[in-house]
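These notes are about the structure you will find just below.
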Amino acid sequence: MLPGYQAWPEEFAELYRQEGCWEGITFGEMLRQRADGYGNRTAIISGGEQLTYAELDRRVDQLAAGLYAKGIRQYDRVIIQLPNITAFVEVIFALFRLGALPVFALPLHRKSEIEYFAQFSEAVAYLIPDQDGGFDYRKLAAEVQAEVPSLRHIIVAGEAGAFTNLEDLYIDPVQLKDDQPVSSDVAFLQLSGGSTGLSKMIPRTHDDYIYSLRRSVEVCGLGPESVYLAVLPIAHNYPLSSPGILGTLYAGGTVVLSRGSSPDEAFPLMKEHQVTITALVPPLALIWLNAAAARGTKLTALQVLQVGGAKFSAEVAGRVRPVLGCTLQQVFGMAEGLVNYTRLDDPEHLIINTQGKPMSPYDEVRIVDDEDIEVELGQSGHLLTRGPYTIRGYYKAEEHNSKSFTTDGFYRTGDIASLTPEGYLVVEGRAKDQINRGGDKVAAEEVENHLLAHPGVHDAALVSMPDEYLGERSCAFIVPSGENLTAAEIKSYLRSRGLASYKIPDRVEFVQSFPKTGVGKVSKKALREMLTMKQPI
Ligand code: AMP
Ligand code: DBH
């Protein structure tokens with residue numbers, strides 16, 4: 001078993017197996033089964049390329065052989081930072097077959113994040129595109145490799161230069177002699193948005209994740225005729241699995257990969273491939289609605305528009321059916337596990353005003369007060385959850401786990417929510433120290449630590465500010481230690497430290513001191529209030 005992995009207690013594992021949640025198959029086996037059942041159907045469309053299930057299965061075997069020849073073995077960690085291209089899917093299934101573990105970095109992550117992922121997970125390989133969105137990932141990889149001795153291989157999709165070219169790793173399949181992964185093994189490490197410092201790593205098993213795919217497919221009504229368009233970065237848990245690209249492959253449907261998320265890119269793809277379902281974050285949904293309304297676009301094949309990752313305002317939610325003519329599905333999920341969906345046949349008031357209900361009857365949710373006592377129905381409180389696809393602990397994070405999980409194994413989501421009489425969740429706010437920038441999660445402490453490293457910064461606090469478009473943006477309050485520090489300098493300093501662009505504060509304010517709470521802690525509430533006051537700070 002993977003060291004540092006906290007499995008479910010045996011009595012729960014037994015229950016989830018007995019109840020048929022955990023099917024006992026691995027991702028490698030799942031793809032083989034689909035190739036047997038749907039061999040000639042189209043699995044993936046990306047740019048001008050199309051692959052059937054049989055072709056995908058074959059290419060995955062070839063790549064697994066090539067990665068094996070490179071020395072990649074069971075439990076090895078491999079950082080994947082690829083855009084929405086076919087290679088992403090081939091690479092992760094090849095690693096699944098070897099029992100090696102993808103670590104899912106986002107395309108916007110930079111040196112600060114990647115170096116930490118590589119170091120913390122002791123990754124042996126790092127997969128990148130040559131360039132994407134005007135950024136050269138090979139340069140980043142060289143910098144990271146210089147700092148992380150475990151990183152033996154840099155594998156490039158595209159012009160590899162001195163690194164390994166991914167294309168060269170598709171070789172004749174071999175019969176692997178090593179131990180094969182089993183369904184209870186950890187399949188990959190997903191990343192949390194984080195709240196205390198750096199992102200935590202989330203170990204997901206074949207059993208639990210494949211169950212989350214199966215339930216997602218059932219709830220979202222996917223089948224072999226479904227066509228899922230991925231516009232969000234597929235490394236993210238939501239387009240990966242809710243039902244996302246993996247759920248679509250589970251269902252035998254077709255995945256269409258889009259490099260961009262703008263209406264100009266997505267709408268023509270949707271028409272050409274008769275896309276039936278896609279997933280957006282709220283700011284994108286607003287852009288799409290405005291574009292479709294202005295252009296009179298009809299996306300006739302589209303049956304379901306999913307919106308999640310951040311709170312979707314009821315006002316915009318109410319426009320989805322009138323403008324696009326399809327069903328809205330709100331999705332409230334987390335890479336740690338629990339996923340809530342509004343159901344396709346729910347009454348409109350639930351679809352518009354709630355974030356859905358848990359997808360599994362075995363999901364347990366509790367809404368509690370600060371003392372972990374359950375509140376009355378309808379009251380808001382801390383959301384705790386436990387179930388067949390919610391982790392029992394982060395990877396290698398024993399100390400943190402004792403805070404993030406109750407002694408009886410409930411995950412403290414950090415969300416403040418209430419339950420409707422129908423059992424649907426409404427997200428009311430957040431207790432965790434995080435900014436949700438239109439679905440991109442920013443851990444305040446991580447950014448504060450970077451700010452504190454600047455010699456001109458005496459103290460720093462990152463808080464959210466309401467934003468019409470993104471829902472929230474970030475504002476850094478800084479107590480300078482000297483004079484002449486500017487907002488521009490702070491931002492460029494953070495960029496120079498290799499921080500992902502969405503974590504750079506949208507606004508920087510300098511203050512003499514921070515307001516304090518009764519117990520002498522920085523009052524972020526008071527700082528947030530300062531931002532909404534009319535007079536200048
Ligand atoms: P992560 O743990 O990084 O995967 O992020 C999951 C978090 O995103 C949740 O705990 C929520 O705070 C937030 N989130 C996801 N979906 C929604 C939604 N539909 N409404 C409000 N918040 C959401
Ligand atoms: O925000 C998320 O992490 C998220 C949102 C919707 C998620 O992980 C998911 C669905 O599975």
Side-chain angles (χ1 to χ4, degrees), residues 104 106 109 113 189-196 198-202 204 208-209 211-213 215-217 219-220 230 232-247 278-285 305-314 316-317 328-342 351-360 363 365 380 382-385 387 389-391 394 400 404 411-418 424-444 446 464 470-472 502-503:
F104 289 115
L106 295 170
H109 285 145
E113 290 90 6
L189 297 171
Q190 186 54 282
L191 298 171
S192 80
S195 53
T196 52
L198 299 157
S199 290
K200 300 285 174 298
M201 291 191 186
I202 299 169
R204 301 289 303 258
D208 90 77
Y209 213 64
Y211 174 59
S212 87
L213 300 182
R215 275 309 294 153
S216 293
V217 161
V219 168
C220 303
L232 300 173
I234 51 180
H236 191 281
N237 198 60
Y238 168 31
L240 188 65
S241 68
S242 299
I245 62 161
L246 293 179
T278 188
L280 302 177
V281 288
L284 256 183
L305 181 76
Q306 298 185 296
V307 181
K311 179 91 180 234
F312 196 32
S313 81
V316 185
L328 166 67
Q329 180 174 52
Q330 293 216 37
V331 191
F332 165 37
M334 51 207 73
E336 288 82 354
L338 180 70
V339 180
N340 306 277
Y341 293 107
T342 56
I351 291 180
I352 288 173
N353 296 302
T354 79
Q355 280 62 62
K357 68 174 173 180
M359 67 171 161
S360 163
D363 283 320
V365 299
S380 60
H382 301 276
L383 173 65
L384 312 184
T385 186
Y389 61 97
T390 295
I391 56 163
Y394 291 104
H400 187 79
S404 294
Y411 167 56
R412 299 183 189 275
T413 66
D415 294 310
I416 304 290
S418 64
Y424 281 57
L425 285 160
V426 176
V427 179
E428 310 275 4
R430 200 167 46 236
K432 56 190 165 191
D433 199 6
Q434 185 184 76
I435 292 116
N436 191 337
R437 207 172 166 279
D440 287 329
K441 318 297 188 314
V442 182
E446 180 183 2
S464 65
L470 287 180
E472 295 171 24
Y502 63 88
K503 297 181 187 172

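What you are looking at is a predicted structure, and each value in this text was computed from that prediction instead of being measured. Indexing begins at 1, ligand by ligand and atom by atom, following the structure's order.
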Decide whether T342 and Y424 meet the rule of one side-chain donor and one side-chain acceptor closer than 3.5 Å. no

Of K441, K311, R430, which is the lone residue that meets salt bridge (charged side-chain N to carboxylate O under 4.0 Å, His left out) with E472? R430

List, ordered by chain and residue number, the protein residues whose closest non-hydrogen atom lies under 4.0 Å from any atom of ligand 1. S192, G193, G308, G309, A310, K311, V331, F332, G333, M334, A335, E336, Q355, D415, V427, K432, N436, K441

Testing the basics here: between P358 and V365, what is the closest heavy-atom pair and its distance to 0.1 Å? CG-CG1, 4.0 Å

Pairs under 3.5 angstrom, nitrogen or oxygen on both sides, ligand 2 versus protein: list them out, please.
from	atom 1	to	atom 2	distance (Å)
ligand 2	1 (O)	K441	NZ	2.8
ligand 2	8 (O)	N237	ND2	3.1
ligand 2	8 (O)	M334	N	3.4
ligand 2	8 (O)	A335	N	3.3
ligand 2	11 (O)	N237	ND2	3.0
ligand 2	11 (O)	S242	OG	2.7

Tell me the closest heavy-atom pair linking Q434 and G193, and the distance in Å. NE2-C, 3.7 Å

Kindly compute the distance separating CE (M334) from OG (S192), expressed to the nearest 0.5 Å. 12.0 Å

Ring geometry between Y411 and Y394 (parallel below 30°, tilted from 30 to 60°, perpendicular above 60°): perpendicular

Using ring pair (Phe, Tyr, Trp, His ring centres under 6.0 Å) as the criterion, list what pairs up with H236, not counting sequence neighbours. none

Rounded to the nearest 0.5 Å, what separates atom OG1 in T390 from atom CG in L384? 11.5 Å

Could you pull out all residues at least two apart from A443 that satisfy side chain to side chain contact (heavy atoms under 4.5 Å, CB included)? E446

